[in-house]
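Some notes on the structure that comes next.
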Amino acid sequence: MNYGYLVDLALILLATKALSMLTGKLQMPQVVGALVAGLLMGPAVLGIIQPSDFLSQVAELGVIVIMFSAGMGTDLNELKQTGKAGFVIAMAGVLVPLAMGTGLMFVFNTGELALPGNKLLQDIFLGVVLTATSVSITVETLKELGKLSTRVGNAILAAALIDDVLGLVCLTIVTSLAGADVNILLVLAKILLFFVFVGLLGVGISRLLNWYETKVRSRDLRRYPVLAFVLCLFLAWAAEEWFGVADIIGAFSAGLIVATTPKGAYTASKFTPVSYLLLTPVFFANLGLGVELPRMDATILLFTVTLVIVGIGSKLIGCGLGAKMFGFKNRQCLQVGCGMACRGEVALIVANKGMAMNMINPVFFGPIIILVVCCAVFTPILLKLAFKGESAYEGMEESRLAEGFQLSEQVDEVTARLIEGEKRRQGK
């Protein structure tokens with residue numbers, strides 16, 4: 001047996017940690033460091049580590065756990081209460097990047113760059129990649145600016161939550177249509193059946209665990225994470241084998257189900273160590289290992305620049321128009337668009353899925369990584385510029401302002417009474 005994979009894992013973990021700490025100090029997402037680590041150590045630069053089936057399989061398990069954790073971190077009640085504004089902003093923020101990304105790929109996906117198969121689906125898939133939104137950097141920036149609880153901040157959070165769901169639906173439809181001689185009605189029926197299956201399974205599991213929690217009241221909590229992971233793996237497998245849906249959709253659905261159970265938060269906490277220590281670093285480093293930088297010729301460089309412009313501009317236009325439809329001021333529309341422009345791990349996950357399904361030429365993956373890095377750098381800068389000059393209260397929800405003024409009036413009234421009482425006491 002060849003034990004070289006142990007050295008590869010050790011080098012990946014060491015390099016990803018070191019570069020993640022460096023990017024963290026530069027106020028960039030740590031995922032950027034993991035990607036750069038894989039890029040530097042892979043065939044594109046140093047060639048220390050070569051891609052292998054083992055690393056690919058561990059990386060696939062990593063993306064399943066990432067999406068499973070994302071599902072466990074999604075609040076279904078919050079999703080229901082976001083309202084029409086968040087939905088419209090998210091919908092526009094998906095449709096516009098989808099259309100612009102498809103158009104961009106239509107122009108560049110020709111000749112030797114085009115893969116065998118359905119070219120239209122290949123073009124659409126880049127649009128699907130651009131639909132993703134990552135708001136972790138946006139949230140930190142809004143906190144720093146004191147704008148997280150404003151109308152704009154709430155709109156961004158609500159739209160980002162719905163955006164992820166809509167993006168996953170787009171991914172499901174496109175990947176399902178990727179097969180040969182596919183009947184679109186059959187595909188849509190299988191997608192619908194999948195969500196019905198997940199809904200029924202989720203209700204059954206939630207009720208079963210609620211009954212178990214009430215009747216048995218076992219103090220042994222170790223079984224919950226194990227059973228949850230079994231559910232994750234089963235739904236990831238069933239999604240691919242039974243319904244023709246991407247495995248990451250099954251994993252995300254499993255996370256949603258677990259989030260509704262009595263021990264959902266406890267279960268989610270137990271997946272953080274294994275994801276942090278092994279699976280997540282290997283997944284993102286493996287993405288970097290697959291980048292083909294030597295083929296970044298003039299055409300790919302032009303594609304990269306255009307992709308960054310389209311990636312940021314499509315969210316500014318789409319989400320800004322969605323906000324405008326609900327009475328946001330022009331400056332607020334710009335702020336919403338800037339807040340939704342950041343891309344992250346979801347875009348990389350979708351792109352990786354596209355390469356696995358032979359729907360994205362690997363030469364386009366390098367530009368997608370550059371897009372993620374540029375969005376991570378530009379989003380905080382654009383947000384700070386968009387909010388520059390605003391007062392601490394400008395943009396705050398009217399209801400919150402009214403509550404604040406009412407409280408201020410009450411404090412003034414109490415203070416006046418205390419002063420008047422003190423004067424009467426001294427007069428006596």
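All values below come from the heavy atoms of this structure, side chains included, with hydrogens, waters and symmetry mates left out.
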Closest non-hydrogen atoms of Gly311 and Leu371, given as atom of the first, atom of the second and distance, are CA-CD1, 4.1 Å
Next on the checklist: Any non-hydrogen side-chain atom of Leu115 less than 4.5 Å from a side-chain atom of Met359?
Outcome noted: no
Taken to the nearest 0.5 Å, the spacing of Asn361 CG from Ile300 CD1 works out to 7.5 Å
For Leu130 and Pro97 the tightest heavy-atom approach is O-CB, 3.6 Å
Closest non-hydrogen atoms of Ser253 and Val198, given as atom of the first, atom of the second and distance, are CB-CG1, 3.7 Å
Checklist line | Test item: Thr280 side-chain N/O and Ser275 main-chain N/O as donor-acceptor pair under 3.5 Å | finding: yes
Requested in this report: Take Ile12 and Leu55 through the test side chain to side chain contact (heavy atoms under 4.5 Å, CB included) and record every step on the way to the result.
Outcome: CA-CA 10 Å; Ile12 286 174; Leu55 291 177; 3.9 Å; yes
With sequence neighbours left out, the residues meeting salt bridge (Lys or Arg N to Asp or Glu O under 4.0 Å) with Glu240 are Lys353
Between Gly318 and Ala92 the two heavy atoms that sit nearest each other are O-CB, 3.1 Å
Of all heavy-atom pairs linking Ile368 and Ala351, the shortest is CD1-CB, 3.8 Å
- Just wondering, do Leu301 and Val305 contact through their side chains at under 4.5 Å, heavy atoms? no
Output for pair (Asn286 CG, Asp8 CG), nearest 0.5 Å, gives 11.0 Å
To the nearest 0.5 Å, atom OG1 of Thr16 lies from atom CZ of Phe284 at 11.0 Å
Open item on the list: Any non-hydrogen side-chain atom of Leu126 less than 4.5 Å from a side-chain atom of Phe108?
Closed with: no
Check: Val63 and Asn352 side chains under 4.5 Å, non-hydrogen atoms:
no
Would the Tyr266 and Tyr224 ring centres measure less than 6.0 Å apart?
no
Please check if the side chain of Gln335 supplies one atom and the backbone of Val152 the other of a donor-acceptor pair under 3.5 Å.
no
**Request:** Evaluate the side-chain proximity of Val350 to Phe125: yes if any heavy-atom separation is below 4.5 Å, no if none is.
**Result:** yes
When rounded to the nearest 0.5 Å, the distance separating OH of Tyr5 from CG of Leu9 is 8.0 Å
The reported gap from CD in Glu241 to CG in Asp247 (rounded to nearest 0.5 angstrom) is 10.0 Å
Please report the C-alpha distance between Val88 and Phe326 in whole Å, then the side-chain angles of each, then the deciding distance to 0.1 Å, and finally whether the side chain to side chain contact (heavy atoms under 4.5 Å, CB included) criterion is met. CA-CA 9 Å; Val88 171; Phe326 278 83; 3.3 Å; yes
### Message
If we ignore hydrogens and angles and just use 3.5 Å, is the side chain of Thr260 paired with the main-chain N or O of Ile257 as donor and acceptor?
### Response
yes
### Message
Take a 6.0 Å sphere around CZ of Phe195 and say whether it holds more than 12 heavy atoms from other residues, nucleotides or ligands.
### Response
yes
ask   = Taking C-beta and beyond as the side chain, do Leu201 and Leu235 meet within less than 4.5 Å on heavy atoms?
value = yes
Residues passing the ring pair (Phe, Tyr, Trp, His ring centres under 6.0 Å) test with Trp237, sequence neighbours excluded, are Trp242
In terms of relative ring orientation, are Phe243 and Phe197 parallel, tilted or perpendicular, with 30° and 60° separating the classes? tilted
inquiry  = Quick one, Ile369 and Leu39 - any side-chain contact, counting heavy atoms below 4.5 Å?
reply    = no
- Any donor-acceptor pair under 3.5 Å linking the side chain of Arg207 with the backbone of Ile205? no
For Lys119, the salt bridge (Lys or Arg N to Asp or Glu O under 4.0 Å) test, sequence neighbours excluded, returns Asp123
- Query: Can you check side chain to side chain contact (heavy atoms under 4.5 Å, CB included) on Thr267 and Phe229, steps first, answer last?
  - Reply: CA-CA 9 Å; Thr267 302; Phe229 197 35; over 6 Å; no
To the nearest 0.5 Å, atom CG of Leu11 lies from atom CD1 of Ile48 at 7.0 Å
Where do Val129 and Phe364 land on the side chain to side chain contact (heavy atoms under 4.5 Å, CB included) test, with the steps shown first? CA-CA 12 Å; Val129 172; Phe364 291 124; over 6 Å; no
### Query
Quick one: are Ile312 and Thr379 in side-chain contact, heavy atoms under 4.5 Å?
no
**Prompt:** Hey, does the side chain of Lys388 reach the backbone of Leu383 with a donor-acceptor pair shorter than 3.5 angstrom?
**Reply:** no
For Cys232 and Ala251 the tightest heavy-atom approach is SG-CB, 4.0 Å
